[in-house]
Amino acid sequence: MLEKSFFDRPVLEVAREIIGATLLFDGVGGSVVEVEAYDETDPASHSFRGPTLRNRVMFGPPGHAYVYKIYGIHYCLNFVCRPGSAILIRALEPVRGLETMRARRGGLADRQLCSGPGKLAQALGIDLRHDGLGLDVPPFGLRAADAAHPIATGPRIGTTKGAETPWRFVLAGSRYLSRPLPKVQPDL
DNA sequence: AACTGGATCGTCT
DNA sequence: GACGATCCAGTTG
C-alpha cells in the first residue's frame with residue numbers, strides 16, 4: 001500500500017509513478033491510466049491564488065484527497081502532494097467492482113465507466129464528503145504499480161490558462177483514456 | 001469525427 | 001455576477 005510519504009515528493013515525479021498504480025475506493029476501482037499535475041506556480045491551478053475555503057486541503061500535508069465540485073454537477077478527485085501541488089486523477093482502467101460501477105454509471109460500456117475525472121468520481125462514489133481523507137486508510141486503498149509503465153505526455157485538458165504546459169501523463173496506448181493524446185502537428 | 005449548447009451551483013471578484 | 005481541472009445529447013459532415 002502507498003504511504004503518505006510517497007506523496008511528499010515533487011508533483012511531476014509522483015504523477016509519473018502513479019500511472020499503473022491501483023486505486024480502490026470501498027473496494028471499487030482499477031488501474032490509473034491518466035493524470036494531470038498542478039502546482040502553485042501554475043495559473044491553471046486552484047492553488048495559484050493562495051489558500052481558500054475550497055482548496056485548503058491542497059495546502060495541507062501530502063497524501064490526502066482533494067475533492068471539489070465542478071460545473072455544479074461533477075466531482076473531481078486529486079491526490080495532494082507537497083503543499084500547493086496535487087494530481088488530478090483523470091481516468092482508470094476498471095478492474096474491481098465492475099457491477100457497482102456499471103450501476104452507478106447507467107450501464108455504460110466498461111470503456112466509459114472511468115474515462116474522465118467526473119465519470120471516475122461517479123463510478124467510485126466519491127463526493128465532497130471525502131475531501132481531505134487520508135489516501136493511506138480506508139475507504140481508500142492504493143497499491144503501487146508493480147512494474148514500470150510506458151508513459152506519454154501532452155497538454156492538459158479543459159483549461160485555457162497554462163495550456164502549453166505538458167503536465168498530462170497517460171499510460172501509452174491505453175484505451176481507457178478520457179481522450180487520446182493530441183496529434184502532433186506536422187511541420188509545414 | 002467534430003462541434004454545439006444545456007445542465008447547474010459553489011466559489012471568488 | 002461570471003465562470004469553471006466536465007459530461008451528455010444532439011446536430012452536422
Side-chain angles (χ1 to χ4, degrees), chain A residues 7 10-12 14-16 18-19 23 25 29-30 32-60 62 64-94 101-133 135 152-171 175-186:
Chain A
F7 299 95
V11 66
L12 295 181
V14 181
R16 287 184 163 274
I18 207 74
I19 296 292
L23 164 62
F25 189 79
V32 177
V33 298
E34 176 179 348
V35 301
E36 286 176 359
Y38 291 87
D39 77 14
E40 69 279 6
T41 68
D42 171 5
S45 173
H46 288 176
S47 60
F48 183 62
R49 295 173 192 280
T52 66
L53 201 55
R54 173 177 68 162
N55 68 17
R56 65 194 191 285
V57 174
M58 272 189 87
F59 292 91
H64 290 256
Y66 167 43
V67 181
Y68 65 91
K69 192 180 211 180
I70 189 169
Y71 296 108
I73 302 180
H74 305 290
Y75 300 99
C76 293
L77 169 67
N78 297 257
F79 294 164
V80 175
C81 294
R82 286 176 174 168
S85 69
I87 296 168
L88 171 66
I89 311 303
R90 289 194 54 91
L92 304 181
E93 174 177 342
M101 292 193 277
R102 289 184 191 118
R104 288 171 174 160
R105 293 278 302 136
L108 290 173
D110 290 1
R111 292 181 62 149
Q112 308 176 66
L113 291 180
C114 300
S115 57
K119 301 176 186 180
L120 178 164
Q122 185 182 27
L124 270 58
I126 290 172
D127 61 41
L128 290 183
R129 293 173 303 174
H130 311 116
D131 187 33
L133 293 188
L135 296 172
T153 68
R156 293 171 301 185
I157 294 176
T159 171
T160 53
K161 295 163 280 201
E164 70 289 344
T165 311
W167 282 5
R168 180 181 180 220
F169 298 87
V170 309
L171 174 63
R175 23 179 280 227
Y176 295 94
L177 305 182
S178 64
R179 308 175 51 172
L181 284 180
K183 305 169 184 133
V184 180
Q185 299 296 340

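Scope of the values below: all heavy atoms of this structure, side chains included, with no hydrogens, waters or symmetry mates. Bear in mind the structure is a predicted one, so any value in this text is a computation, not a measurement.
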- Check: A/Phe79 and A/Val35 side chains under 4.5 Å, non-hydrogen atoms: no
- Query: Rounded to whole angstrom units, what separation is found between the CG atom of A/Asp127 and the P atom of B/dG10?
  - Reply: 13 Å
- Among the nucleotides C/dC8, C/dC7, B/dC12, which one has an atom lying closest to any side-chain atom of A/Arg105? C/dC8
- Base B/dA7 to side chain A/Tyr71, donor-acceptor N/O within 3.5 Å cut-off: no
- Taking the six-membered ring of A/Tyr38 as reference, does the NZ or CZ atom of A/Arg156 fall below 6.0 Å from its centre and within a 45° cone about the axis? yes
- What is the distance, rounded to the nearest whole Å, between atom CG of A/Leu177 and atom C1' of C/dC7? 17 Å
- Message: Whole angstroms only, please: what is the CG-P distance between A/Leu120 and C/dC7?
- Response: 9 Å
- Nearest-angstrom distance from the residue atom CD1 of A/Ile73 to C1' of B/dT8: 5 Å
- Message: Under a 3.5 Å cut-off for both contacts, is B/dA1 paired Watson-Crick or G-U wobble with anything, and if yes, with which nucleotide?
- Response: C/dT12
- With a 6.0 Å cut-off on ring centres, are A/His130 and A/Tyr75 close enough? no
- Message: When both hydrogen-bonding distances must be under 3.5 Å and the geometry is Watson-Crick or G-U wobble, what is C/dG1 paired with, if anything?
- Response: B/dC12
- Message: When you compare the side chain of A/Tyr68 with that of A/Leu88, does any pair of heavy atoms fall below 4.5 Å?
- Response: yes
- Item | Position toward the 5' end of DNA chain B (nearest nucleotide), A/Lys69 or A/Leu53 | A/Lys69
- Do A/Leu113 and A/Tyr176 touch side chain to side chain, with heavy atoms closer than 4.5 Å? no
- Please work out if A/Gly118 contacts a base, only the sugar-phosphate, or nothing of the nucleic acid, heavy-atom cut-off 4.0 Å. sugar-phosphate
- Item | A/Phe48 CZ to B/dT13 P, straight-line distance once rounded to whole Å | 12 Å
- Regarding the side chain of A/Thr52, the nearest nucleotide among C/dC7, B/dT11, C/dA5 is B/dT11
- Atom-pair distance (CD1 on A/Ile70; C1' on C/dC7), nearest Å: 11 Å
- Rounded distance (Å) that lies between atom P of C/dC3 and atom OH of A/Tyr68: 18 Å
- Whole-Å distance, A/His74 NE2 to B/dT8 C1', equals 9 Å
- Which nucleotide in C/dC8, C/dA5, C/dC7 has an atom nearest any side-chain atom of A/Leu108: C/dC8
- Output the single nucleotide from B/dT11, C/dC8, B/dC9 whose closest atom is nearest the side chain of A/Arg54. B/dT11
